[in-house]
Amino acid sequence: YVELKESGGGSVQAGGSLRLSCAGFGFTFDDFDMEWWRQAPGRECERIVRYRRGEYIKTGDSLKGRFTISQDNDKNTMYLHLNNLTPDDTAKYYCASDVLPTGADPASQCDALDGWGQGTVVTVSS
């Protein structure tokens with residue numbers, strides 16, 4: 001079976017950093033586009049990045065310049081490194097992949113992933 005599982009969320013103070021993980025099961029990361037999304041309380045779902053094999057295919061504006069992606073192919077895990085966090089970055093973060101499409105439109109992507117039990121919560125305090 002194919003599965004994605006996020007981890008690494010938690011609480012951090014403003015200005016801090018956090019590394020989120022997305023472990024993949026049943027497929028190889030390099031064969032598919034990968035994405036990170038997030039949804040803050042009361043706000044719309046937004047895509048952070050679309051990524052594949054070291055290429056940042058699409059990048060959202062809200063975290064631009066404050067994140068990087070790394071990958072451990074031996075563990076089939078992708079990492080989202082978040083830096084210089086602010087309280088506005090408080091959100092539930094999700095990873096997604098073309099190997100497991102939700103079929104949802106972008107505005108509903110986070111709801112769809114949440115319905116699958118995915119996501120990890122990041123809380124940034126001032």
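All values derive from a computational prediction rather than experimental measurement.
Under the rule for a side chain to side chain donor-acceptor pair (under 3.5 Å), Ser7 has no partner lying at least two apart in sequence or in another chain. In this structure Arg66 satisfies the side chain to side chain donor-acceptor pair (under 3.5 Å) test together with Asp89, sequence neighbours excluded. With sequence neighbours excluded, the residues satisfying side chain to side chain donor-acceptor pair (under 3.5 Å) with Gln109 are Thr102. For Asp33, the side chain to side chain donor-acceptor pair (under 3.5 Å) criterion is met by Arg50, Arg52, not counting sequence neighbours. The salt bridge (charged side-chain N to carboxylate O under 4.0 Å, His left out) search around Lys64 returns Asp61, not counting sequence neighbours. Residues meeting the side chain to side chain contact (heavy atoms under 4.5 Å, CB included) test with Pro87, sequence neighbours left out: Ala14, Val124, Ser126.
Between Leu82 and Arg38 there is no side-chain heavy-atom pair separated by less than 4.5 Å. Side-chain contact between Asp30 and Gln71 is present, with heavy atoms from C-beta onward closer than 4.5 Å. Here the side chains of Arg47 and Glu35 are in contact, with some heavy-atom distance below 4.5 Å. Put simply, the side chain of Leu4 reaches to within 4.5 Å of the side chain of Met34, judged on heavy atoms.
Applying the ring-ring contact (aromatic ring centres under 6.0 Å, His included) test to residues at least two apart or on different chains, the pairs with a partner in residues 37-63 are Tyr51-Tyr56. Sequence neighbours left out, the pairs with a member in residues 66-103 that pass disulfide bond (SG atoms under 2.5 Å apart) are Cys22-Cys95. For residues 103-126, the salt bridge (Lys or Arg N to Asp or Glu O under 4.0 Å) pairs, not counting sequence neighbours, are Lys92-Asp114. Annotation: disulfide bond (SG atoms under 2.5 Å apart) contacts involving residues 97-126, sequence neighbours excluded, comprise Cys45-Cys110. Within the structure, ring-ring contact (aromatic ring centres under 6.0 Å, His included) pairs that include any residue of residues 71-119 do not occur (at least two apart or interchain). Applying the ring-ring contact (aromatic ring centres under 6.0 Å, His included) test to every pair with at least one member in residues 6-29, sequence neighbours left out, gives these pairs: Phe27-Phe29, Phe27-Phe32.
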| task | Please step through side chain to side chain contact (heavy atoms under 4.5 Å, CB included) for the pair Asp31 and Val99, ending with a clear verdict. | result | CA-CA 9 Å; Asp31 292 341; Val99 72; over 6 Å; no
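Defined by atom type and a distance below 3.5 Å, a donor-acceptor pair is present between the side-chain atoms of Gln118 and Glu6.
The line from OG of Ser108 to CD of Gln39 is 9.0 Å long, rounded to the nearest 0.5 Å. A distance of 8.5 Å separates CG of Leu100 from CG of Leu113, quoted to the nearest 0.5 Å. Note that the CG atom of Leu63 and the CG atom of Asn83 stand 9.5 Å from one another [nearest 0.5 Å]. The distance from the CG atom of Leu18 to the OG1 atom of Thr120 is 8.0 Å, given to the nearest 0.5 Å. Atom CG of Asn76 and atom OG1 of Thr28 lie 5.5 Å apart (nearest 0.5 Å).
Residues Gly16 and Val12 share a closest heavy-atom pair of CA-CG2, 3.9 Å.
Listed for the Thr90 side chain is no donor-acceptor partner under 3.5 Å among the backbone atoms of Asp88.
In the hydrophobic cluster analysis, where Ile, Leu, Val, Met, Phe, Trp and Tyr join through side-chain heavy atoms closer than 4.5 angstrom, Trp36 is grouped apart from Val121.
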